[in-house]
Amino acid sequence: MMKLSQFRNLIANMPVAYQAFASKRSIWASHENRNDNAGDAMRAIFGTSREVTLSRSDLRSLANKPDLAQFVMATIIWGYPRGMRGNHVDNVISHLTSLTQLLSDARAKPVIEWVTHYAKVRPIGGIGLSTYTKLLSFLSVQVQGHTALILDDRIIQVVKRGIFEELAPLQKLNSYKAPHWYPQYLECIHGLAENLEVSPENIEFFLFEFGLHLKVPPALEVAPTNLPQAAFP
């Protein structure tokens, strides 16, 4: 088992704002051709280009606009650059007005009781916890006293595998329980961020990028006694 504190310098320097994904216009053609807010949003996102590259920074800029339709569609493109499975996008679009209203309310006023708030999300087809927490995160919504962070399947896998010692309080987290555990996830990551003196979003990004791709080298499984203690936080 590893400790996040071992990677503190890397976590502190994660290029969070720069993380970007490119998506081809052709993937979203059927949605772009719609004569509604979703279609208008898609056309605004792609402009005259055949491909768009969206970063976290771009999404945060869109999150400041009064109308969140473009923000929602851009976040979906960012999160699913090869397209969403099934009819998820159509389902999101059919509930776009109620979704943007829910997000606008959350942006304007902190979410005090998460379970009650998320119950309003469940009827919106195509929106699961992974997608919804992306939206909340880029809107910087406050959820039970902590700024929202993305919680997707990859991070859940990192937690379940017990890779990092500091994530032990979340060991019962799984895909089924994730919506219920979201406030505890935020509390844990924000607490770690305070201890490590890094941004909570940097930890989230680190877990996503590296969490499933790290293994303790055999030579370090037992710390050598002749090395300074500081080398092994």
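Both backbone and side-chain heavy atoms feed into the values below; hydrogens, waters and symmetry mates do not.
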[X] vs [Y] aromatic rings, parallel, tilted or perpendicular, using cut-offs 30° and 60°?
X	Y	result
F138	F71	perpendicular
F7	F206	tilted
W28	H31	tilted

With clusters defined by side-chain heavy atoms of hydrophobic residues (ILVMFWY) lying less than 4.5 Å apart, directly or transitively, does [Y] cluster with [X]?
X	Y	value
L214	V159	yes
L10	I163	yes
I112	L136	no
F210	L212	yes
L4	V216	yes

Between [atom1] on residue [X] and [atom2] on residue [Y], distance to nearest 0.5 Å:
X	Y	atom1	atom2	answer
R34	L96	CZ	CG	9.0 Å
S130	I150	OG	CD1	7.5 Å
S57	L54	OG	CG	11.0 Å
T131	K134	OG1	NZ	5.5 Å
I45	W78	CD1	CH2	14.0 Å
Y185	L129	OH	CG	9.5 Å

Inset, instruction - Please lay out, stage by stage, how M84 and I76 fare under the test side-chain contact (heavy atoms from CB on, under 4.5 Å). - result: CA-CA 8 Å; M84 297 182 86; I76 289 174; 3.6 Å; yes
Are [X] and [Y] close enough that some pair of their side-chain heavy atoms sits under 4.5 Å apart?
X	Y	answer
M42	I77	yes
E204	L207	no
H146	E187	yes
K160	Q171	no
R122	Y132	no
L135	V72	yes
S23	E51	no
P110	V141	no

Side chains of [X] and [Y]: do they bring a donor and an acceptor to under 3.5 Å?
X	Y	result
S140	R60	yes
Y182	H117	no
S61	D58	no
D105	Q101	yes
Q142	T147	yes

So does [Y] get a backbone contact from the side chain of [X], meaning a donor-acceptor N/O pair under 3.5 Å?
X	Y	answer
Q19	V16	no
N87	D90	no
E166	S5	yes
N202	V198	no

Inset, instruction - Under the salt bridge (charged side-chain N to carboxylate O under 4.0 Å, His left out) rule, what do D152 and R154 come out as? Steps first, then yes or no, please. - result: CA-CA 6 Å; D152 61 10; R154 188 182 301 192; 5.9 Å; no
Inset, instruction - Check side chain to side chain donor-acceptor pair (under 3.5 Å) between N195 and all other residues, then give those that pass, not counting sequence neighbours. - result: none
Inset, instruction - Would you please name every residue forming a ring pair (Phe, Tyr, Trp, His ring centres under 6.0 Å) with F208, sequence neighbours left out? - result: none
Legend entry - ring pair (Phe, Tyr, Trp, His ring centres under 6.0 Å) partners of Y80, counting only residues at least two apart: none
Closest heavy-atom pair and its distance - [X], [Y]:
X	Y	answer
H190	P200	ND1-CG, 3.4 Å
E201	S137	OE2-OG, 4.5 Å
T133	L149	CB-O, 3.5 Å
A193	S199	CB-C, 4.0 Å
R8	L196	NE-O, 2.8 Å
A63	L68	O-CD2, 3.8 Å

Inset, instruction - Assess whether side-chain contact (heavy atoms from CB on, under 4.5 Å) is satisfied between V92 and I124, documenting all intermediate values. - result: CA-CA 7 Å; V92 170; I124 301 176; 5.6 Å; no
Inset, instruction - I would like to know whether L192 and C188 meet side-chain contact (heavy atoms from CB on, under 4.5 Å); could you show each step before the answer? - result: CA-CA 6 Å; L192 290 173; C188 179; 4.1 Å; yes
Legend entry - Intermediate values then yes/no, ring-ring contact (aromatic ring centres under 6.0 Å, His included), W114 and Y118: CA-CA 6 Å; W114 167 251; Y118 194 67; 5.2 Å; yes
Inset, instruction - Could you walk me through whether I93 and D36 pass side-chain contact (heavy atoms from CB on, under 4.5 Å), step by step? - result: CA-CA 9 Å; I93 290 173; D36 56 16; 4.0 Å; yes
Legend entry - Salt bridge K65-D67, side-chain N to carboxylate O under 4.0 Å: no
Inset, instruction - Tell me, with the steps shown, if R25 and E32 meet salt bridge (charged side-chain N to carboxylate O under 4.0 Å, His left out). - result: CA-CA 9 Å; R25 188 175 202 142; E32 181 187 359; 2.4 Å; yes
Legend entry - Cation-pi, F205 ring and R56 (6.0 angstrom, 45 degrees): yes
Legend entry - N35 CG: over 12 foreign heavy atoms closer than 6.0 Å: no
